[in-house]
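Structure, as structure tokens:
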Amino acid sequence: MISIPTSSLASFSQREEMVDRTRSKILVREYNEDKDVKMVRKLERNSEIGAKKVVSIFTNMMGDPLSRIRFFPLRVMLVAELLESRELVGVVRGVIKNVGTLSGSLLKMGYILGLRVSPSYRRKGVALRLIAAVEEWMVRNGAEHAFLATEKDNDASKNLFTVKCNYVNLSSLVVFVQPISSITKHISRDIKIEKVDIDLAISLYRRTLKRKDLYPLDMDVILKEKLSIGTWVSYYKREGWLNLRSKVDDEEDLISSETSNSWVIFSIWNTCEAYKLQVRRSQLVRFLLTTLNQARERVFPCLKMSVSNSLCRSFGFLFIYGIYGQGENLGELMESMWRFTSRVGEGMRDCKVFITELGFGDPLANHVPQTDSISCIDDLWYTKRLSTHVDENTDEILMRQVGNVFVDPRDF
């Protein structure tokens, strides 16, 4: 039998009593865009992570705390408010979307993002109240599962979701971050990169995404968003690919017939017009959290780039998504994609880096160019079954880890 010191029991009891008192003084409600915007911005400005360091990362949200979720038709933003003072001490965002799986199943999944709690109200049950409330919203709107992302080294976050909220690991991914100024823009003369018409891009993605373990069903909506600046195909001139300018009756058959050739399709999402990031020097630094989702917040403290004067001004980034390739010679094609994206970013005002994220089971993850200036951050996805109508014995999302997933640029 393990003996627990009386002092430890007393400390635990006191903490639980404090949590109960805090919960009774808090109201969780929907965000009011007219009256809450200033308080939410202040809350997120004062939420710190990490230890004291020599640089800090700030985000200019363009005055819109809802910018992270406006791309989703089914969305909610909840706040935790102190009943007595009306101060906001926590916030969380949630969205719902339809996804497909490799086996052909169609699921309705909720995504939790942007969870923030004021430093003085952490470990008092505020985060649990917010999570429970956003999960209830998801259930009311028909979501069968909830999922979220956090970094591998964030033990506090992993403990909150796995131990206290019963989430399980769904997948492991890697975020690749590349400063634009550190890479050559030369592309081999043997390779052609051609922009794809949006209708053909939609049709091609509908075929190729079925090879992913998990993917969104509204790819057409993503490609038509104003922040999606285009889709391209990279292939070897000597091999050819297909006539991109002619109407194709059955792209699936055409893709199958071209497996002897090597080609890569990819799209680029431009965050520069939606929000900006800024690196600042400081003797006493706090890493300020923002409405950006977990991946963006984690990436920039790890960037292998100096805090130059240019980075002390607000800057944006490009996100490469929808990467899919076939054939035997993919390495050089992936490198051409890397350099092409760098060239695109170089021509855009205030764009300093580009990013992509790939699952551990994605074959193309092994072909990402390993430059000296690239940063790699381990990412974890967690999930939880919300619906009682899903048979736990046949729930494929909970039965195994998925390795080759589509990373939605709206989630990043």
In terms of the angle between their ring planes, are Phe266 and Trp232 parallel, tilted or perpendicular, with boundaries placed at 30° and 60°?
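The rings of Phe266 and Trp232 lie parallel, inter-plane angle below 30°.
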Parallel, tilted or perpendicular, as decided by the 30° and 60° cut-offs, for the rings of Trp269 and Phe71
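Ring orientation of Phe71 relative to Trp269: perpendicular.
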Exceeds 12 heavy-atom contacts within 6.0 angstrom, atom [atom1] of [X]:
X	atom1	answer
Lys164	NZ	no
Arg189	CZ	no
Lys38	NZ	no

State the CZ-CG distance between Arg93 and Leu78, to the nearest 0.5 angstrom.
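These two atoms lie 10.5 Å from each other.
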Gap between atom CZ of Arg116 and atom CZ of Arg122 - 0.5 Å precision:
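Here the rounded value is 9.5 Å.
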Please step through side-chain contact (heavy atoms from CB on, under 4.5 Å) for the pair Leu130 and Val28, ending with a clear verdict.
CA-CA 7 Å; Leu130 287 167; Val28 175; 4.1 Å; yes
What are the two closest heavy atoms between [X] and [Y], and how far apart are they?
X	Y	value
Asn261	Glu239	ND2-O, 3.0 Å
Thr341	Leu318	O-CD1, 3.8 Å
Leu106	Glu144	O-OE1, 4.2 Å

side-chain contact (heavy atoms from CB on, under 4.5 Å) assessment of Asn270 paired with Met348:
CA-CA 10 Å; Asn270 174 24; Met348 303 182 72; 3.0 Å; yes
Taking the basic N atoms (NZ, or NE/NH1/NH2) and the acidic carboxylate oxygens, is any pair closer than 4.0 Å for [X] and [Y]?
X	Y	value
Arg410	Asp218	yes
Glu84	Lys25	no
Lys384	Glu135	yes
Asp36	Arg29	yes
Lys185	Glu346	yes

Identified side chain to side chain contact (heavy atoms under 4.5 Å, CB included) counterpart of Pro65 within the set Glu33, Met77, Met39:
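For Pro65, the side chain to side chain contact (heavy atoms under 4.5 Å, CB included) test succeeds with only one of Glu33, Met77, Met39, which is Met77.
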From CA spacing to verdict: side chain to side chain donor-acceptor pair (under 3.5 Å), Gln178, Ser182
CA-CA 8 Å; Gln178 178 72 60; Ser182 64; 2.9 Å; yes
Run Arg86 and Glu81 through salt bridge (Lys or Arg N to Asp or Glu O under 4.0 Å) and show every step you take.
CA-CA 6 Å; Arg86 300 301 180 187; Glu81 179 184 58; 3.3 Å; yes
Val405 vs Leu358, side-chain contact (heavy atoms from CB on, under 4.5 Å): CA-CA, chis, key distance, verdict
CA-CA 7 Å; Val405 298; Leu358 297 171; over 6 Å; no
For side-chain contact (heavy atoms from CB on, under 4.5 Å), just list the numbers for Ile229 and Val344, CA-CA rounded to whole Å, side-chain angles, deciding distance to a tenth of an Å, and then say yes or no.
CA-CA 10 Å; Ile229 61 178; Val344 172; 4.0 Å; yes
Check: Trp263 ring centroid to Tyr236 ring centroid under 6.0 Å:
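That pair fails the under 6.0 Å test.
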Below 6.0 angstrom between ring centroids: does that apply to Phe317 and Phe354?
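Ring-ring flag for Phe317/Phe354: false, centres at least 6.0 Å apart.
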Is the terminal nitrogen or CZ of Lys124 (NZ for Lys, CZ for Arg) located under 6.0 angstrom from the six-membered ring centre of Tyr121 and within 45° of that ring's axis?
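Geometry flag: set, cation within 6.0 Å and 45°.
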Hey, mind stepping through Tyr167 and Phe161 against ring-ring contact (aromatic ring centres under 6.0 Å, His included) and telling me if it holds?
CA-CA 5 Å; Tyr167 281 75; Phe161 287 105; 5.6 Å; yes
